[in-house]
Amino acid sequence: MHVRFITRNGETVEAEGSAGTSLLELGQAAGMPLEGTCEGQMACSTCHVIVAQEWFAQLPPASEDEEDMLDLAPGVCATSRLSCQIDLVDELDGLTVRIPPTSHDMQRG
Ligand code: FES
């Protein structure tokens with residue numbers, strides 16, 4: 001299955017993943033700057049991605065713990081998710097997510 005990452009520079013990176021991996025693992029394998037410091041324990045927010053609007057509703061809703069962590073993530077927006085909490089399934093073929101801007105980029109506007 002296919003996932004499309006949009007980098008901070010606006011470049012598109014296509015990645016091929018298999019069902020059963022997390023979006024975080026696939027992003028890391030594709031060279032995206034997703035640290036995933038806590039390795040999926042929902043204790044950091046370094047795996048934050050912004051999901052394309054048209055895909056957001058197709059993901060299982062975020063748990064309360066995930067929402068709490070997202071509140072702390074820089075550049076969070078309405079379709080933000082923690083990529084470690086998104087398991088790739090065949091239905092998500094074509095999923096598009098954006099790497100959020102760093103706080104530095106936000107200051108620059
Ligand atoms: Fe830490 Fe996702 S890797 S919350």
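Below, all heavy atoms of this structure are taken into account, side chains as well, without hydrogens, waters or symmetry copies. Just so you know, ligand 1 is whichever comes first in the structure, and atom 1 is the first atom listed for that ligand. Remember, it's a predicted structure, so these values are computed and weren't measured experimentally.
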Problem - Interfacing atoms of ligand 1 (cut-off 4.0 Å, heavy-atom, G36) - result: 3 (S)
Handout entry: Pairwise distance CE(M69) to SG(C47) - rounded to 0.5 angstrom
Key = 8.5 Å
Problem - Protein heavy-atom partner closest to atom 4 (S) of ligand 1 - residue, atom, separation in Å - result: C44 O, 3.0 Å
Problem - E14 atom CD: more than 12 heavy-atom contacts under 6.0 Å - result: yes
Handout entry: E39, CD: over 12 other non-hydrogen atoms inside 6.0 angstrom
Key = no
Practice task
Kindly compute the distance separating SG (C44) from CG (L82), expressed to the nearest 0.5 Å.
Solution key: 7.5 Å
Problem - Contact check: C84 to atom 2 (Fe) of ligand 1, N/O/S below 2.8 Å - result: yes
Handout entry: Proximal atoms of ligand 1 relative to C47 (non-hydrogen, under 4.0 Å)
Key = 2 (Fe), 3 (S), 4 (S)
Exercise for the section: Can you sort out which atoms of ligand 1 are near M42, meaning under 4.0 Å from one of its heavy atoms? Expected result: 4 (S)
Problem - Proximal candidate to atom 3 (S) of ligand 1 [heavy atom criterion; set S22, G40, A73] - result: G40
Problem - Student check: side-chain heavy atoms of S63 and M42 closer than 4.5 Å - result: yes
